[in-house]
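The structure appears right after this line, and notes come after that.
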2 protein chains.
Amino acid sequence: MDYTLLLNNFSKHITLTKKEQEFTLSLFDYKKLHSKDTLLEQGDICKQSAFVLNGCLRGFTIDSNGFEHVLSFAPKDWWIGDMYSLISKKPGNLNIETMMDSEVALLSKKNQDILYDRVPKFERFFRIIIEKSLVAFQQRLNDNLSLTAQDRYLKFCKTYPQLINEIPQKQIAAYIGVTPEFLSKLRAKQAKAK
Amino acid sequence: MDYTLLLNNFSKHITLTKKEQEFTLSLFDYKKLHSKDTLLEQGDICKQSAFVLNGCLRGFTIDSNGFEHVLSFAPKDWWIGDMYSLISKKPGNLNIETMMDSEVALLSKKNQDILYDRVPKFERFFRIIIEKSLVAFQQRLNDNLSLTAQDRYLKFCKTYPQLINEIPQKQIAAYIGVTPEFLSKLRAKQAKAK
DNA sequence: TCAATTTCTTAATCTAGGTTAAGTGTTTTT
DNA sequence: AAAAACACTTAACCTAGATTAAGAAATTGA
């Protein structure tokens with residue numbers, strides 16, 4: 001298991017000594033997953049955050065009509081978890097699943113608290129990670145309030161160019177908030193317009 | 001100016017000595033605002049966060065057709081700022097305005113950084129504040145992806161009971177993501193159904 | 001390798017919510 | 001206290017996107 005990506009992720013916001021690096025990595029669990037494996041199911045209490053070393057996961061909910069809504073994609077170098085459940089310690093309604101064979105580094109809430117205690121720099125690290133995540137969600141909510149489906153799709157293509165050919169279209173539809181049929185129609189219109 | 005509310009807000013997540021309290025408060029600026037005063041305009045670089053002591057503010061964007069979209073209401077005891085602009089130091093597209101006469105305690109980004117340095121507990125404090133804000137935005141995005149306008153309105157009424165009779169209906173419409181005309185129609189239908 | 005499953009497309013029809021417009025309160029300003 | 005500005009309602013008509021359904025293409029897997 002290669003944790004280089006994780007160490008580089010830390011070093012974007014904080015500087016760790018060799019000792020701190022070793023201690024920190026010792027708190028993570030490495031896990032190899034197959035495509036469509038489940039990491040968290042709605043109704044569960046989320047007890048860990050995942051850092052994606054390789055592959056891609058998705059966080060999604062299932063509404064009362066059985067439709068899925070993708071709240072986040074987590075490709076390589078991203079963090080994913082159910083923040084609501086993680087901090088409230090109550091059952092959440094997020095599902096987390098791999099979209100292809102993936103490798104993750106798992107940090108349990110318990111170990112995260114130890115980490116905050118022993119290497120307080122991580123208070124800052126996760127504050128910054130969460131700030132960026134907050135900005136992304138605010139931006140996305142604003143997009144959903146102000147843009148057409150067409151524009152949201154174009155924006156998605158710009159934001160996640162690497163994902164477009166890697167994941168099923170219906171997942172992109174569930175992310176931008178339209179049915180797969182409508183996204184298909186949009187793409188056909190777009191192709192013709194050229 | 002009475003900062004009791006602010007001190008109580010801190011004490012929800014961290015414990016400060018008398019000295020730390022004094023120092024911390026010295027970093028804030030008190031400001032009294034009239035209804036519809038502007039605290040931040042789109043295109044500006046946001047240089048401060050506001051804690052609402054009294055009254056209510058709103059953060060909103062204006063789209064390319066001139067329509068307003070409310071990203072957040074900040075009643076008494078809430079924080080508001082343009083996180084994107086604040087951390088990137090680039091011009092943001094958020095407007096922040098009072099909805100009634102209000103009092104705020106302002107913390108400049110510069111003073112916030114001093115605070116992180118001199119009272120590191122605040123790394124934790126703001127991490128927790130931001131975590132909660134993130135959870136709220138994720139939840140709201142999910143609501144926009146999965147609920148009808150009717151259900152979003154009902155949920156709004158449950159979440160912000162104190163605001164319903166305090167702020168104009170068109171602001172609620174701009175928050176849940178419908179036109180004022182459609183919200184009016186929803187309310188009429190609801191009233192009849194009883 | 002070929003059957004089964006999943007994904008994607010196309011097309012007809014439907015509907016939640018938008019648009020336009022006109023009229024009626026209700027605040028705010030002078 | 002009148003005028004102006006703003007907020008809310010109602011109603012007719014419109015459209016972006018949903019639904020249903022059926023077939024084609026691609027993937028998965030025994």
Side-chain angles (χ1 to χ4, degrees), chain A residues 33-37 55-56 58 60 62-70 73 97-101 143-157 163-193, chain B residues 33-37 55-56 58 60 62-70 73 97-101 143-157 163-193:
Chain A
L33 298 159
H34 293 122
S35 187
K36 294 192 181 167
D37 278 355
C56 186
R58 60 193 258 261
F60 63 100
I62 302 175
D63 70 26
S64 55
N65 299 311
F67 290 107
E68 294 186 358
H69 305 282
V70 173
F73 290 120
E97 218 181 77
T98 50
M99 307 182 72
M100 56 189 78
D101 292 354
D143 290 346
N144 275 277
L145 291 173
S146 58
L147 300 180
T148 62
Q150 172 101 254
D151 288 343
R152 273 176 278 141
Y153 178 62
L154 289 173
K155 202 157 176 181
F156 180 89
C157 293
L163 286 186
I164 295 164
N165 298 307
E166 291 289 324
I167 67 176
Q169 249 179 68
K170 58 181 278 202
Q171 301 298 347
I172 300 177
Y175 180 96
I176 64 174
V178 295
T179 57
E181 293 84 356
F182 189 67
L183 178 55
S184 183
K185 197 152 100 185
L186 282 183
R187 284 165 44 88
K189 192 168 14 169
Q190 221 172 280
K192 197 154 35 163
Chain B
L33 299 159
H34 293 123
S35 187
K36 295 193 181 167
D37 279 354
C56 187
R58 61 192 259 263
F60 63 100
I62 302 176
D63 70 25
S64 54
N65 299 310
F67 290 107
E68 294 187 358
H69 305 281
V70 173
F73 291 120
E97 218 181 76
T98 49
M99 306 182 73
M100 56 189 77
D101 292 355
D143 289 347
N144 275 277
L145 291 173
S146 57
L147 301 180
T148 62
Q150 171 100 255
D151 288 343
R152 273 176 278 143
Y153 178 63
L154 290 173
K155 200 156 178 182
F156 180 89
C157 293
L163 287 186
I164 295 162
N165 298 308
E166 292 288 325
I167 66 176
Q169 249 180 67
K170 57 181 276 200
Q171 301 299 346
I172 300 178
Y175 179 96
I176 64 174
V178 295
T179 57
E181 293 85 354
F182 188 67
L183 178 55
S184 184
K185 199 151 97 183
L186 282 184
R187 283 166 44 88
K189 191 167 18 166
Q190 221 173 280
K192 198 155 33 163

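Below, chain A is the first sequence line, B the second, and so on; all start at residue 1. Note: hydrogens, waters and symmetry copies are ignored here, and every other heavy atom, side chains too, is used.
Closest to the Ser184(B) side chain, of the nucleotides dT9(D), dT20(D), dC8(D), is dT9(D). Closest contact between the side chain of Glu181(A) and the listed nucleotides dA11(C), dT19(C), dC8(D) involves dA11(C).
The CD1 atom of Ile176(B) lies 10.5 Å from the CG atom of Leu147(B); values are rounded to the nearest 0.5 Å. The structure places CZ of Phe73(A) at 3.5 Å from CD1 of Ile167(A), a figure rounded to the nearest 0.5 Å. Rounded to the nearest 0.5 angstrom, Glu166(B) CD and Met100(B) CE are separated by 5.0 Å.
OP1 or OP2 of dT9(C) sits under 4.0 Å from a side-chain N or O of Gln169(A).
As rounded to whole Å, 16 Å separates atom P of dA16(C) from atom CD1 of Ile176(B). One atom, NZ of Lys36(B), and another, P of dA5(D), lie 13 Å apart when rounded to the nearest Å. Asn144(B) has its CG atom 11 Å from the P atom of dG17(C), to the nearest Å. In this structure, CD of Gln190(A) is placed 16 Å from P of dC8(C), rounded to the nearest angstrom. In this structure, Arg187(A) places its CZ atom 16 Å from P of dA11(C), rounding to the nearest Å. Regarding Phe67(B), its CZ atom lies at a distance of 17 Å from the P atom of dG17(C), rounded to whole Å. We find that CD of Glu97(B) is positioned 12 Å from P of dC6(D), with the value rounded to whole Å. Going from atom CG of Asn65(A) over to atom C1' of dT15(C) covers 15 Å, rounded to whole Å.
When side chains are defined from C-beta on, Glu68(B) counts as touching Arg58(B), because their heavy atoms get closer than 4.5 Å. Within the 4.5 Å cutoff, the side chain of Gln150(A) has heavy atoms near those of the Gln190(A) side chain. Here the side chains of His34(A) and Thr98(A) are not in contact, with every heavy-atom distance at 4.5 Å or above.
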Give me the distances for all protein-to-nucleotides 13-17 of chain D N/O pairs that come in under 3.5 Å?
residue, atom, partner, partner atom, Å
dG17(D), OP1, Ala149(A), N, 3.2

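In the model, Tyr153(B) has a side-chain atom that pairs as donor or acceptor with a side-chain atom of Arg187(B) under 3.5 Å.
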